[in-house]
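We count ligands from 1, going down the list as the structure has it; atoms in each ligand are counted the same way. None of these values were measured; they are calculated from a predicted model.
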Amino acid sequence: MLGAETVTNDKSVQSVRGMNDLLPGQVESWQRVEGALREVSRRYGYREIRTPVVERTELFLRSIGEQTDIVEKEMYTFTDNNGESLTLRPEATASCVRAGNEHGLLYNQTQRLWYVGPMFRHERPQKGRYRQFHQFGVEALGWAGPDIEAEIITLGERLWRSLGIQGLSLQINTLGSVTGRGKYRDALRAYLSRHVDALDSDSQRRLERNPLRILDSKDSGTQAVLVEAPSLSDFLEEAEQEEFDRLQQLLTAVDIRFSINPRLVRGLDYYTGFVFEWTTDQLGAQSAICAGGRYDGLSEQLGGHPVPAAGFACGLERLIELLTLQDEETPIQSPGVYLAAFGEVAELDAAQCAERLRDSSIDVQMNCGQGNIKKQLRRADNSGAAIALIVDKETAGTSMVKVKPLRGQGDQTMVSTEELLATVQTYLQKPD
Ligand code: ATP
Ligand code: MG
């Protein structure tokens, strides 16, 4: 056990770099977004799933892919006391599929799932990029067609709309079938090999085993080489092109605007067909808000039977940053009523009165820590309450309570405890 003597007083303990506290005043925006995403998910028939924050490391090696930024350098991996390698989840898609298989949710069934929660990646912390961050995601398991792809995009768009977020652009692409992608991979490798000196070192390393990942490089030299590179769309088979066309028709039918970016690949290896990304030009370099696509191979990669699947993950820190930038004020939580009590008998009356009001769903903040009436009324004002109720020596032991409006709704009055609830309700209903 830690004794007091083991705590030296050099410096106060700080949070881990890149992992943020969310304080009262900030949490309100989060609750608003969480409320909206819950409601929108329900509107489309998606049900919540909660999986552990810690998973076996193997889950991510087999799903995200060994030659990805996440697995190569971003995972928080540790060995527990049993010698087992565990990892703080860097994303939750693999966990959803694991859980679906483990609990038999994917046998002859389809599942529309959503989740929200913290993810962990050891990246260089900067605005919009943290080591603990939060994602909202949906996973549609068991459907092969473009209809479900259109659905998840539409769901995302409704979420932006319900939050009043504007100016997001949608880019889509398709990675085609395994065969088509194989042919494309060869053509891309051949082209890039001719320009190997102009590529950044990560891309040079990926050239042999995973040249498609180079399309995702943020290096400007590599980007310049890619301008002339062969395009994935030339390698699509007819059926794939038709599916992709159908997706576009479905999006157009519900008025969702998009552009096709033939170089959009995603940073995780499990994507197999259509991919997409919502971006903003208002957050600087951290422009991706939401990204996803089809990942038909993932279930088998994890040892389950084949399950066609599509989903997305949305970064909540970036979404909330956008909300704040776009001046979407979220009201700060404040009580309706502040209850001030002066004197020992008054405190007993006040405690009973507060409980009765709470029984009727009124939010009451009690004055704790005593203080003279002036001090208590200052606290009442700071609490943001609409009215203060005062029980003092004059009213203690009687059935009367003083009611003091705090937001310009008239003068102080005195009411009986029978009338109190109705009086409080009228004040709380009046706009200030
Ligand atoms: P980026 O290109 O910005 O690194 P990514 O491709 O690694 O993003 P995904 O794994 O697709 O991101 O995760 C989906 C979303 O989660 C991103 O679009 C982003 O909004 C958010 N996100 C990813 N990593 C972080 C992070 N370190 N901090 C905050 N948000 C993040
Ligand atoms: Mg990343």
Side-chain angles (χ1 to χ4, degrees), residues 16-20 22 26 30 33 37 59-60 63-65 67-76 87-96 114-139 152-153 156-157 159-160 163 165 167-173 175 202 206 210 212-219 222-223 261 263-272 274-295 298 310-325:
V16 176
R17 195 163 116 82
M19 304 202 181
N20 301 316
L22 290 172
Q26 298 174 304
W30 283 77
V33 169
L37 60 87
L59 177 69
F60 304 114
S63 57
I64 298 172
Q67 286 219 339
T68 57
D69 285 347
I70 295 180
V71 170
E72 278 182 346
K73 48 191 182 200
E74 296 174 1
M75 294 208 304
Y76 279 91
T87 293
L88 298 187
R89 64 180 183 194
E91 57 110 52
T93 300
S95 304
C96 290
W114 70 269
Y115 61 83
V116 65
M119 309 295 158
F120 303 84
R121 297 185 193 176
H122 195 272
E123 304 195 65
R124 190 169 68 78
Q126 52 197 291
K127 201 171 174 54
R129 193 174 291 286
Y130 308 100
R131 289 180 174 171
Q132 174 176 318
F133 62 100
H134 297 76
Q135 287 183 335
F136 157 61
V138 306
E139 313 294 352
I152 62 175
I153 291 187
E157 198 265 350
L159 177 61
W160 322 146
L163 291 167
I165 287 180
L168 291 190
S169 353
L170 172 64
Q171 295 193 338
I172 61 174
N173 189 24
L175 303 178
D202 272 351
R206 288 179 174 147
N210 204 351
L212 246 68
R213 288 295 327 283
I214 298 176
L215 297 177
D216 206 30
S217 165
K218 306 220 163 54
D219 178 79
T222 302
Q223 282 295 329
N261 175 359
R263 279 200 272 136
L264 178 71
V265 289
R266 301 277 313 116
L268 304 95
D269 278 354
Y270 52 60
Y271 288 110
T272 47
F274 123 94
V275 288
F276 70 98
E277 205 164 274
W278 291 94
T279 55
T280 171
D281 55 10
Q282 293 175 60
L283 294 181
Q286 270 47 262
S287 60
I289 298 291
C290 172
R294 176 162 287 288
Y295 54 92
L298 182 56
F312 69 68
C314 165
L316 294 190
E317 277 77 4
R318 295 183 195 176
L319 194 66
I320 286 166
E321 179 70 24
L322 257 189
L323 263 185
T324 320
L325 276 182

Give the atoms of ligand 1, by number and element, whose distance to some non-hydrogen atom of A288 is under 4.0 Å.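 Taking each heavy atom of A288 in turn, ligand 1 has 17 (C), 18 (O), 19 (C), 20 (O) under 4.0 Å.
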
If every non-hydrogen atom of [X] is compared with every non-hydrogen atom of [Y], which pair is closest and at what distance?
X: T93; Y: E139; value: OG1-OE2, 2.8 Å
X: L37; Y: F136; value: CD1-CD1, 3.6 Å
X: E123; Y: R131; value: O-NE, 2.7 Å

Taking side chain as C-beta onward, heavy atoms only, is V138 less than 4.5 Å from F312?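 Touching, per the 4.5 Å side-chain cut-off.
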
Side chains of I153 and F274 in contact at under 4.5 Å (non-hydrogen atoms):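 Touching, per the 4.5 Å side-chain cut-off.
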
So is [X] in contact with ligand 1, going by heavy-atom distances below 4.0 Å?
X: E91; answer: no
X: Q135; answer: yes
X: E74; answer: no
X: Q286; answer: no

Any idea which part of [X] is under 4.0 Å from ligand 1, heavy-atom wise: side chain, backbone, both or neither?
X: I289; value: backbone
X: C290; value: backbone
X: K218; value: side chain

Are any side-chain N or O atoms of E277 and backbone N or O atoms of A288, one a donor and one an acceptor, separated by less than 3.5 Å?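 No, the answer is negative, given that no donor and acceptor are paired below the 3.5 Å cut-off.
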
Nearest non-hydrogen contact with atom 29 (C) of ligand 1 belongs to which option: G128, G315, P90?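 Of the listed residues, G128 has the closest heavy atom.
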
Polar atom proximity, A291 to ligand 1 (N or O, under 3.5 Å):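 No, since none of the N or O atoms of A291 sits under 3.5 Å from an N or O of ligand 1.
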
Mind checking whether R129 has an N or O less than 3.5 Å away from an N or O of ligand 1?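 There is such a contact, yes.
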
D219/R206 ion pair, N-O < 4.0 Å: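 Between R206 and D219 there is no salt bridge, as every charged N stays at least 4.0 Å from the carboxylate O atoms.
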
Can you tell me which residue among E321, Q286, E317 is in a side-chain hydrogen bond (donor to acceptor under 3.5 Å, both in side chains) with K127?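 Filter result, single survivor: E321.
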
